[in-house]
Amino acid sequence: MQMTTDPSAPWLIVGLGNPGPGYAMNRHNVGFMVADLLAERMGGSFKRSGRAQAQVLEGRIGPAGPGSRRVVVAKPMSYMNVSGGPVTALRDFYKVPTANIVAIHDELDIDYGTLRLKLGGGDNGHNGLKSMTKAMGPDYHRVRFGIGRPPGRMQVADFVLKDFSSAERKELGYFVDRASDAAEALVIEGLERAQSSYNS
């Protein structure tokens with residue numbers, strides 16, 4: 001699994017989540033939160049894609065000149081468990097190599113706020129990743145945002161679809177900012193350098 005060597009190939013950064021205000025602050029929607037911040041940094045706003053059930057923003061990140069990268073930031077509007085369809089449609093329309101796709105998602109098996117960057121691998125029961133992998137294989141990048149395990153006997157499905165706690169929200173902005181930095185570093189500097197900076 002190699003990253004593309006073509007620096008002109010676009011990147012597709014996908015924040016995973018569920019559409020609608022009722023889900024906005026759920027733990028499962030942290031991918032949307034990071035995508036929103038990336039869009040804000042790029043100085044643009046999301047528009048409904050005519051090619052896929054998604055909101056998209058096209059732009060560039062990185063230093064001006066040859067060091068910048070062409071990027072499409074996307075939020076699938078299809079609900080988490082069928083994210084693969086919109087992502088595949090966007091990949092095909094923008095001609096993005098699968099290795100240039102970055103999925104930003106919540107991760108149960110990592111402590112809250114901890115990040116892990118990787119290329120490929122399993123879905124660990126995450127329905128958004130499961131749908132993406134079924135649609136196009138596993139060889140895309142992931143920015144895994146730790147949300148920790150549910151307390152006591154709470155079911156996983158209930159936990160991920162609950163809002164971040166008031167204690168968690170105190171640090172949420174910082175962690176979303178750091179995840180945005182990590183996604184940008186992955187695109188601009190490559191996986192190994194981004195991992196050395198952000199995997200903790």
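The side-chain heavy atoms of Val102 and Arg142, taken from C-beta on, include no pair separated by under 4.5 Å. For the pair Leu90/Val96, no side-chain contact is recorded, criterion being any heavy-atom separation below 4.5 Å from C-beta on. For the pair Phe159 and Arg27, the minimum side-chain heavy-atom distance is below 4.5 Å. Within the 4.5 Å cutoff, the side chain of Glu40 has no heavy atoms near those of the Asp36 side chain. Residues Asp123 and Pro138 form no side-chain contact, since every pair of their non-hydrogen atoms from C-beta on lies 4.5 Å or further apart. Using a 4.5 Å cut-off on side-chain heavy atoms (C-beta onward), Met25 and Met33 make contact. Looking at Ile13 and Val72, their side chains never come closer than 4.5 Å, going by heavy atoms from C-beta outward. The side-chain heavy atoms of Glu58 and Tyr94, taken from C-beta on, include a pair separated by under 4.5 Å.
Between the side chains of His126 and Asp106, a donor-acceptor pair is found at a separation under 3.5 Å.
If you take CE on Met136 and OG1 on Thr98, they are separated by 6.0 Å, rounding to the nearest 0.5 Å. Atoms CG and CD, on Leu119 and Gln195 in that order, are 9.0 Å from each other to the nearest 0.5 Å. Note that OG of Ser165 and NZ of Lys170 are 9.0 Å apart. Values are rounded to the nearest 0.5 Å. The NZ atom of Lys75 lies 11.0 Å from the CG atom of Leu38; values are rounded to the nearest 0.5 Å. Note that the OH atom of Tyr198 and the CG atom of Leu186 stand 11.0 Å from one another [nearest 0.5 Å].
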Practice problem: Let me see the working for Ile104 and Leu16 under side chain to side chain contact (heavy atoms under 4.5 Å, CB included), right down to the final yes or no. | Solution: CA-CA 6 Å; Ile104 304 170; Leu16 293 178; over 6 Å; no
Exercise. May I have the step-by-step check of side chain to side chain contact (heavy atoms under 4.5 Å, CB included) for Asn81 and Lys130, ending in yes or no?
Key: CA-CA 8 Å; Asn81 60 355; Lys130 194 175 295 183; over 6 Å; no
Self-check item: Working for side chain to side chain contact (heavy atoms under 4.5 Å, CB included), residues Tyr140 and Met132
Solution: CA-CA 9 Å; Tyr140 53 91; Met132 286 181 60; 3.8 Å; yes
Exercise. Quick one: do Asp177 and Arg41 satisfy salt bridge (charged side-chain N to carboxylate O under 4.0 Å, His left out)? Show the steps, please.
Key: CA-CA 10 Å; Asp177 192 66; Arg41 290 179 176 186; 2.8 Å; yes
Quiz prompt | From CA spacing to verdict: side chain to side chain contact (heavy atoms under 4.5 Å, CB included), Gln55, Met77 | solution = CA-CA 7 Å; Gln55 292 184 353; Met77 293 286 115; 4.0 Å; yes
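Using a distance-only test at 3.5 Å, with no hydrogens or angles considered, a donor-acceptor pair links the side chain of Asn199 to the main chain of Leu117. Of the possible polar contacts, one joining the Asn18 side chain to the Met80 backbone as a donor-acceptor pair under 3.5 Å is found. The closest donor-acceptor contact from the side chain of Thr114 to the backbone of Ile110 lies at 3.5 Å or more, if one exists at all. No donor-acceptor pair closer than 3.5 Å links the side chain of Arg193 to the backbone N or O of Leu191.
The local environment of NZ in Lys134 is sparse, with at most 12 non-hydrogen atoms from other residues, nucleotides or ligands closer than 6.0 Å. The number of heavy-atom neighbours closer than 6.0 Å to CZ of Arg51, taken from other residues, nucleotides and ligands shown, is 12 or below.
Scanning all heavy atoms of the two residues, the minimum distance from Val160 to Asn26 falls at O-CB, 3.7 Å. Closest approach of Met154 and Pro150 over heavy atoms only: O-CB, 3.5 Å. Between Gly84 and Ala135, the shortest heavy-atom contact is O-CB, 3.8 Å. Residues Leu57 and Ser45 come closest through the heavy atom pair CD1-O, 3.6 Å. Across all non-hydrogen atoms, the minimal contact from Pro86 to Ser78 is CG-OG, 3.4 Å. Nearest heavy-atom pair, Asn100 versus Pro10, reported as atom, atom and distance to 0.1 Å: ND2-O, 3.1 Å.
If you look at Tyr112 and Phe175, their ring centroids are closer than 6.0 Å.
Ionic pairing of Arg69 and Glu184 is not present here: no N-O contact between side-chain nitrogen and carboxylate oxygen is shorter than 4.0 angstrom.
A side-chain contact (heavy atoms from CB on, under 4.5 Å) with Glu107 is found for one member of Val143, Asn124, Leu115 and no other, namely Asn124.
Aromatic ring orientation, Trp11 versus His141: tilted (interplanar angle from 30° to 60°).
Val34 and Tyr23 fall within the same hydrophobic cluster, where Ile, Leu, Val, Met, Phe, Trp and Tyr residues are linked whenever their side-chain heavy atoms come under 4.5 Å apart, directly or through other members. Note on Val176: it clusters hydrophobically with Met42, by side-chain heavy-atom contacts below 4.5 Å among ILVMFWY residues.
The cationic group of Arg48 does not satisfy the cation-pi geometry with Phe46, failing either the under 6.0 Å distance to the six-membered ring centre or the 45° limit from the ring axis.
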